[in-house]
Enquirer: 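Attaching a single structure in structure tokens format; questions to follow.
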Amino acid sequence: MTRGPVLVLAALVAGACGGSDRDRAPEGGAPAPARDTIRLTDDPAPLDSAAADSVPSDPAPADSAPADSAPRAAPVDPSGPTAGWTAGILQGDPDPDGIATLVEVRAGRHPGFDRLVWTFREGRPGWKVEYVDRPVRECGSGRSVPLPGDGWLEVRFEPARSHDDEGRSTAGALDATPGLARVLSVARTCDFEAVVVFVLAVDSPEPYRVLELDDPPRLVVDVRHAR
């Protein structure tokens with residue numbers, strides 16, 4: 001398969017969102033987090049080489065399930081609540097492996113939808129995806145986060161973290177403007193007490209779908225383009 005061009009966008013380091021008591025960096029000052037990035041690719045199957053042929057690239061009808069997939073990249077149960085597209089609330093249970101660590105966030109532009117992929121180690125955390133009202137706030141400080149668009153899709157992971165024991169970021173895309181068709185901005189609004197939250201600012205609250213992938217554990221959120 002020929003890969004499309006890959007762009008690397010510099011992202012802003014998130015604001016005051018510390019870890020839990022057991023996850024928080026030791027007092028006395030941890031090293032400052034490195035600058036974080038979000039990878040944007042227009043490859044039609046950017047998840048990885050093993051999963052590329054098993055995840056649908058075209059938007060499915062609202063009443064249909066994702067296509068069948070290989071064992072390494074099985075989507076959620078097509079008879080379950082995440083089948084097809086919705087503008088409501090979707091959620092899933094965690095793997096029984098303790099606190100998951102976020103190691104990468106990727107964004108991809110596809111015919112018919114924009115895709116965000118979160119990759120974890122130590123299992124996949126529980127998750128909840130829903131559109132929320134403004135103001136969007138940081139979980140620790142309560143500070144309002146200014147976001148563009150007319151829709152704000154919140155992706156919540158628990159138990160999870162996106163920092164190491166020294167408080168350094170373990171993943172990119174803490175805040176970024178990926179330049180997709182519908183997703184205008186991606187902001188991490190929480191990394192506190194085993195809760196990690198991202199908000200996707202979209203130009204309008206279009207339907208979305210969710211897939212769970214394994215090897216490595218991932219969560220995929222596709223936002224459909226307006227028809």
Side-chain angles (χ1 to χ4, degrees), residues 38 44-48 50-95 100 102-120 123-132 136 149 151-160 162 171 173 178 180-183 185-190 195-202 204-227:
I38 182 169
L47 297 178
D48 60 31
D53 296 330
S54 62
V55 178
S57 291
D58 295 323
D63 58 352
S64 68
D68 292 338
S69 63
R72 282 177 57 95
V76 294
D77 180 357
S79 64
T82 56
W85 300 86
T86 184
I89 300 173
L90 297 178
Q91 56 188 354
D93 295 329
D95 294 337
L102 181 67
V103 295
E104 184 183 55
V105 184
R106 286 188 288 169
R109 181 173 51 242
H110 296 258
F113 63 90
D114 292 341
R115 168 168 288 168
L116 273 293
V117 183
W118 289 264
T119 302
F120 295 89
R124 184 174 47 247
W127 53 270
K128 183 177 182 180
V129 184
E130 62 179 325
Y131 279 103
V132 297
V136 174
W152 306 278
L153 187 62
E154 182 182 270
V155 183
R156 177 187 178 95
F157 300 105
E158 185 178 7
S162 61
L180 303 178
R182 289 292 174 265
V183 178
S185 179
V186 179
R188 187 193 68 171
T189 61
C190 190
V195 176
V196 174
V197 178
F198 284 80
V199 176
L200 314 184
V202 295
S204 62
E206 299 296 333
Y208 70 93
R209 67 182 174 191
V210 178
L211 301 105
E212 292 176 324
L213 303 178
D214 297 310
D215 259 347
R218 283 157 291 164
L219 190 81
V220 178
V221 174
D222 293 338
V223 179
R224 195 168 68 184
H225 298 171
R227 291 177 180 267

Enquirer: Distance from Tyr131 atom OH to Ile89 atom CD1, nearest 0.5 Å?
Expert: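 Reported to 0.5 Å precision, the distance equals 12.5 Å.
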Enquirer: Test of understanding: with side chain to side chain contact (heavy atoms under 4.5 Å, CB included), list the residues that count as partners of Ala201, not counting sequence neighbours.
Expert: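 Applying side chain to side chain contact (heavy atoms under 4.5 Å, CB included) to Ala201 gives Leu147, Pro148, Trp152, Ser185.
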Enquirer: Measure the CG-CD distance between Asp95 and Glu212 for me, rounded to the nearest 0.5 Å.
Expert: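 Result: 7.5 Å between the selected atoms.
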Enquirer: Do Val196 and Trp118 make a side-chain contact, defined as non-hydrogen atoms from C-beta onward lying under 4.5 Å apart?
Expert: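 No, too far: nothing below the 4.5 Å cut-off.
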Enquirer: Measure the acute angle between the ring planes of Phe157 and Phe198, then classify it against the limits of 30° and 60° as parallel, tilted or perpendicular.
Expert: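 Taking Phe198 first and then Phe157, their aromatic rings stand perpendicular (interplane angle over 60°).
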Enquirer: Between Tyr208 and Leu153 (side chain of the first, backbone of the second, donor and acceptor by atom type, cut-off under 3.5 Å), is there such a pair?
Expert: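 Answer holds: no.
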Enquirer: If only atom types and distance count, is the side chain of Arg124 paired as donor or acceptor with the main-chain N or O of Ala100 below 3.5 Å?
Expert: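 No, the answer is negative, given that no donor and acceptor are paired below the 3.5 Å cut-off.
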Enquirer: What distance separates Leu211 CG from Arg218 CZ, expressed to the nearest 0.5 Å?
Expert: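 Between atom CG of Leu211 and atom CZ of Arg218 there are 10.5 Å.
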Enquirer: Once you round to the nearest 0.5 Å, how far does OG1 of Thr86 lie from CZ of Arg209?
Expert: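 CZ of Arg209 is found 13.0 Å from OG1 of Thr86.
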Enquirer: Indicate yes or no: at least one non-hydrogen side-chain atom of Arg182 is less than 4.5 angstrom from one of Arg109.
Expert: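 Contact flag for Arg182/Arg109 side chains = no.
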Enquirer: Looking only at heavy atoms, which two atoms of Pro178 and Ala107 are closest? And how far apart?
Expert: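 Closest approach of Pro178 to Ala107: CB-CB, 4.1 Å.
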Enquirer: Check side chain to side chain donor-acceptor pair (under 3.5 Å) between Glu154 and all other residues, then give those that pass, not counting sequence neighbours.
Expert: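 In terms of side chain to side chain donor-acceptor pair (under 3.5 Å), with neighbours along the sequence ignored, Glu154 is linked to no residue.
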Enquirer: Is the side chain of Arg224 donor-acceptor paired with the backbone N or O of Asp222 at a distance under 3.5 Å, no angle test?
Expert: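 A pair under 3.5 Å: no.
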Enquirer: On a heavy-atom basis, which atom in Pro94 and which in Gly126 lie closest, and how many Å separate them?
Expert: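 Shortest heavy-atom contact: CB-N, 3.1 Å.
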Enquirer: State whether the side chain of Asp114 and the backbone N or O of Val223 hold a donor-acceptor pair below 3.5 Å, judged by distance alone.
Expert: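 No; judged by distance alone, with no hydrogens or angles, the pair does not exist.
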Enquirer: Measure the spacing between CZ of Phe113 and CG of Leu180 and express it to the nearest 0.5 Å.
Expert: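 It comes to 11.0 Å.
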